[in-house]
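Input: a single structure, listed below in structure tokens.
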Amino acid sequence: MTNREILKILREIAAFFEMEGVSFKPQAYEAAALGIETYAREAEEIYKTGGTDALMEIPGVGKGIAGHIEELFKKGSFKEYRDFKRKYPIDVLGLVAIEGVGPKMVKLLWEKLRVRAVNDLEKAARAGKIRALERFGEKSEQKILKGIEFLKQSGGRQALGFALAEIRSLEKMIQLFPEVARALVAGSVRRRKETIGDIDILAASKRPARVMEQFLKLPFIAHVYAKGTTKTLVKLKNGLDADLRVVPKESWGAALNYFTGSKEHNIALREIAIQKGWKLNEYGLFKGEKMIAGRTEEEVYEKLGLRYIEPEMRENMGEIKAAQENKLPRLIGYSDIQGDLQMQTDWTDGENSIEEMARAAMSAGLRYIAITDHTKSLAMTGGADEKKLLRQMEAIDKINRKYKDLKFKVLKGAEVNIMKNGTLDIEDDVLKKLDVAGAAAHSHFTLSRAEQTKRIIRAMENPNVDIIFHLTTRVIHKRGPIELDIDEIIKAARRTNTVLEIDAYPDRLDIKDEYVRKCVDAGVKMAIDSDAHSVNHFKYLEMGIGQARRGWATRGDIINAHPLKEMLKFLKER
DNA sequence: GCCGTTTTCGGCCCGACTGTTTTCAGTCG
């Protein structure tokens with residue numbers, strides 16, 4: 001049984017306990033589910049070697065839940081879960097995924113209307129049966145239908161990189177409101193998560209009611225869920241929900257901290273406050289009635305005895321301890337990238353010529369790029385064979401001669417295809433001539449974990465391969481990652497000095513933050529590339545930098561955050 | 001049910017808004 005299946009069952013149990021009004025157990029099961037979700041290894045694997053003791057190493061998993069998981073491995077189920085399922089034969093997770101529907105409502109819907117799943121609920125709502133229930137009305141019924149509609153059309157989340165430009169223009173508009181002293185988008189956008197479910201906007205103002213009025217007049221707004229004097233929740237025309245909160249200027253820092261999250265990070269901060277006998281909320285840090293910090297985020301962290309923690313690190317994944325011990329890394333900066341090592345041109349499936357890409361990269365502030373068109377086994381892209389690659393090298397030489405006074409360099413590269421058995425589709429004597437040889441898998445996504453791991457490691461062992469592009473091949477909202485033993489991959493990368501790419505394209509972001517952190521810890525170098533297929537895609541490098549920062553990477557960890565000479569020297573000597 | 005520089009019991013984050021309520025439970029972030 002996979003981690004994914006286990007955490008789904010744990011989440012179900014949490015919801016069942018909540019339906020029954022049991023205290024604390026819901027949070028305990030939720031915490032265990034989160035622990036498994038973020039655990040790097042498969043629980044079944046560690047159970048095989050270390051039993052329930054090993055399972056209890058997972059954060060949030062104690063004796064009780066470890067026992068349940070053991071039964072899941074042995075029998076596929078356990079008693080409490082079976083009892084709940086018998087009592088409530090319903091799709092509780094599907095139902096609570098609807099905006100505004102929680103466990104208590106699910107219980108009522110089941111008991112009164114025999115609602116088992118989302119389509120039952122939709123039918124009941126359309127038939128006007130919801131409004132007849134006690135404590136429900138016509139509005140609740142409409143709200144449920146809208147929630148179902150949204151869930152259907154968007155799956156609830158969007159890739160941040162695709163929405164970021166729009167979010168920034170919304171932020172700018174609010175900043176320009178005359179009554180607004182400061183405004184910033186907080187939440188998962190500020191933490192640069194891969195995908196976002198909503199936009200949390202924070203504004204400081206003396207006249208919150210006026211700000212809300214102005215906000216509701218903005219052209220982006222499709223629907224208003226809730227409006228108050230300090231908090232308004234709307235749906236934007238782009239399908240995202242936006243939440244605007246207005247606070248007094250004195251509370252700006254505390255509020256920004258609170259609304260940036262993550263929830264887990266905030267809880268940990270509040271616990272530190274409690275230990276000191278204080279209270280932390282979105283209005284400030286309080287000692288009794290007296291506010292002792294909150295004007296700036298820096299002030300809040302300082303008062304709590306912490307160094308300032310960058311938003312991308314706020315996940316309660318060790319950053320608080322590091323901040324206490326003054327051991328936070330100095331993260332790579334958003335303007336540190338000097339070159340881009342993966343892009344495609346009209347030689348294969350890109351939209352623009354080599355020269356157009358070079359010019360666009362220059363305007364994006366880059367000093368060098370590598371042209372990495374696909375290779376021959378990707379026939380549908382017009383992938384290059386050895387001859388075509390050699391021709392492209394000549395074309396690149398020509399462009400470099402043309403631009404030699406501009407201190408900008410186009411490197412010769414390729415996105416060489418990794419075959420099923422881990423060999424490459426380009427001969428070694430041609431690979432040797434490239435400045436940057438990236439290798440990537442584009443097929444055979446369903447190989448077993450062992451085969452897939454062996455395949456990628458074999459590609460890394462080719463001394464001509466510099467970088468593995470988009471290691472896990474996942475596409476957000478489209479397909480999951482290939483099965484890999486990531487620890488073995490990182491070991492092999494370390495041994496062969498192979499660079500692992502952080503592909504910055506918004507629905508790839510591959511490798512993910514958790515793996516970035518493993519690379520940082522193991523001393524494996526990475527490259528942040530746009531994977532641009534058009535001159536408009538260089539802007540996505542920012543998403544890759546965000547991903548690197550979420551994985552605690554410093555400038556030293558990223559080879560293309562260095563000048564060309566240094567970067568090439570690294571590739572040559574590796 | 002989990003957890004521990006207030007350790008093996010007694011805690012477990014905190015506040016805003018909605019709807020349908022004459023005082024608050026439920027949901028969300």
Side-chain angles (χ1 to χ4, degrees), chain A residues 10 13-19 21-35 55-69 80 95-109 130-144 147 156 186-188 191 196-202 208 212 224-234 241-247 251 254-255 257-286 305 316 321 324-325:
Chain A
L10 296 177
I13 301 266
F16 287 137
F17 274 125
E18 207 154 330
M19 281 165 69
V22 176
S23 327
F24 305 115
K25 290 195 189 193
Q27 294 92 312
Y29 277 91
E30 276 292 341
L34 187 69
L55 291 176
M56 285 165 68
E57 297 289 308
I58 302 171
V61 176
K63 210 171 173 183
I65 293 180
H68 291 329
I69 296 174
E80 284 84 338
L95 287 165
V96 298
I98 301 166
E99 177 86 17
V101 177
K104 297 283 163 63
M105 202 184 281
V106 170
K107 182 164 189 267
L108 190 77
L109 291 165
I130 305 292
R131 69 183 77 176
L133 296 173
E134 209 177 315
R135 293 192 73 90
F136 282 74
E138 205 169 322
K139 278 191 177 171
S140 338
E141 201 169 75
Q142 286 310 311
K143 196 179 170 196
I144 285 172
S188 45
R191 301 202 317 278
I196 53 164
D198 65 359
I199 307 167
D200 298 290
I201 312 156
L202 182 71
M212 290 307 180
V224 180
Y225 295 112
K227 57 177 178 209
T229 50
T230 63
K231 174 177 172 170
T232 292
L233 185 62
V234 301
D241 286 348
D243 183 357
L244 176 64
R245 290 285 297 242
V246 183
V247 295
S251 298
N257 183 246
Y258 178 88
F259 291 109
T260 297
S262 67
K263 191 175 163 183
E264 289 73 21
H265 178 84
N266 288 351
I267 289 172
L269 290 185
R270 268 180 237 148
E271 280 166 359
I272 293 175
I274 290 168
Q275 280 164 23
K276 294 181 185 287
W278 304 335
K279 183 178 77 167
L280 178 63
N281 60 25
E282 61 261 55
Y283 297 109
L285 182 60
F286 295 92
N316 196 25
K321 188 159 181 278
Q324 282 168 333
E325 295 169 357

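Proteins come first, then strands; the chains are lettered A, B, ... in the order of their sequence lines, and each starts at number 1.
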(message) Consider side-chain contact (heavy atoms from CB on, under 4.5 Å). Of A/Val246, A/Thr232, A/Leu244, which one does A/Pro208 pass it with?
(response) A/Val246
(message) Please classify the nucleic acid contact of A/Lys279 as base, sugar-phosphate, or nothing, using heavy-atom distances under 4.0 Å.
(response) sugar-phosphate
(request) Using the P atom on both, measure B/dT18 against B/dC12 and round to a whole Å. (result) 29 Å
(message) Taking the C1' atom in each of B/dG11 and B/dT7, what is the distance between them to the nearest angstrom?
(response) 12 Å
(message) Distance check, C1' atoms only: B/dT21 and B/dT27, in whole angstrom units.
(response) 16 Å
(request) Mind checking A/Ser23 for me? I need base, sugar-phosphate or nothing, with any heavy atom below 4.0 Å counting as a touch. (result) nothing
(request) Check whether any side-chain heavy atom of A/Arg191 sits under 4.5 Å from a side-chain heavy atom of A/His265, and report yes or no. (result) no
(message) Just N and O in the side chain of A/Asn281: are any of them under 4.0 Å from OP1 or OP2 of B/dC14?
(response) no
(request) Check whether more than 12 heavy atoms from other residues, nucleotides or ligands sit under 6.0 Å from atom CD of A/Glu134, and answer yes or no. (result) no
(request) Find the distance between CG (A/Asn281) and CZ (A/Phe286) and round it off to the nearest 0.5 Å. (result) 5.0 Å
(message) Quick check for you: among B/dG1, B/dG15, B/dT18, whose closest atom lies nearest to any side-chain atom of A/Tyr283?
(response) B/dG15
(message) Taking only the C1' atom of each, what is the distance from B/dG15 to B/dC9 in whole angstrom?
(response) 29 Å
(message) Using a 4.0 Å heavy-atom cut-off to protein, can you give one letter per nucleotide of nucleotides 21-29 of chain B, 5' to 3': B if the base is in contact, S if only the sugar-phosphate is, - if neither?
(response) ---B-SSSB
(message) Could you identify the nucleotide paired to B/dC28, looking across every strand shown and requiring Watson-Crick or G-U wobble geometry with both distances under 3.5 Å?
(response) B/dG15
(request) Between B/dC3 and B/dT8, how far apart are the P atoms? Round to whole Å, please. (result) 16 Å
(request) For A/Thr229 and A/Met212, run side chain to side chain contact (heavy atoms under 4.5 Å, CB included): C-alpha distance rounded to whole Å, both residues' side-chain angles, the deciding distance at 0.1 Å, then the answer. (result) CA-CA 7 Å; A/Thr229 50; A/Met212 290 307 180; 5.9 Å; no
(request) Give a yes/no answer on whether the side chain of A/Tyr29 brings an N or O atom under 4.0 Å of OP1 or OP2 in B/dC12. (result) no
(request) With P as the reference atom in both, quote the distance from B/dG1 to B/dT5 in angstrom, rounded to an integer. (result) 23 Å
Collect all protein-nucleotide pairs involving nucleotides 2-7 of chain B in which both atoms are nitrogen or oxygen and the distance is under 3.5 Å.
unit_1, atom_1, unit_2, atom_2, d
B/dC2, OP1, A/Gly62, N, 2.6
B/dC2, OP1, A/Gly62, O, 3.2
B/dC2, OP1, A/Ile65, N, 2.9
B/dC2, OP2, A/Gly64, N, 3.1
B/dC3, OP1, A/Gly60, N, 2.9

(request) Determine if the base of B/dT7 is syn or anti; take syn to mean the glycosidic torsion is within 90° of 0. (result) syn
(request) Mind checking salt bridge (charged side-chain N to carboxylate O under 4.0 Å, His left out) for A/Arg135 and listing every partner two or more places apart, or none if nothing turns up? (result) none
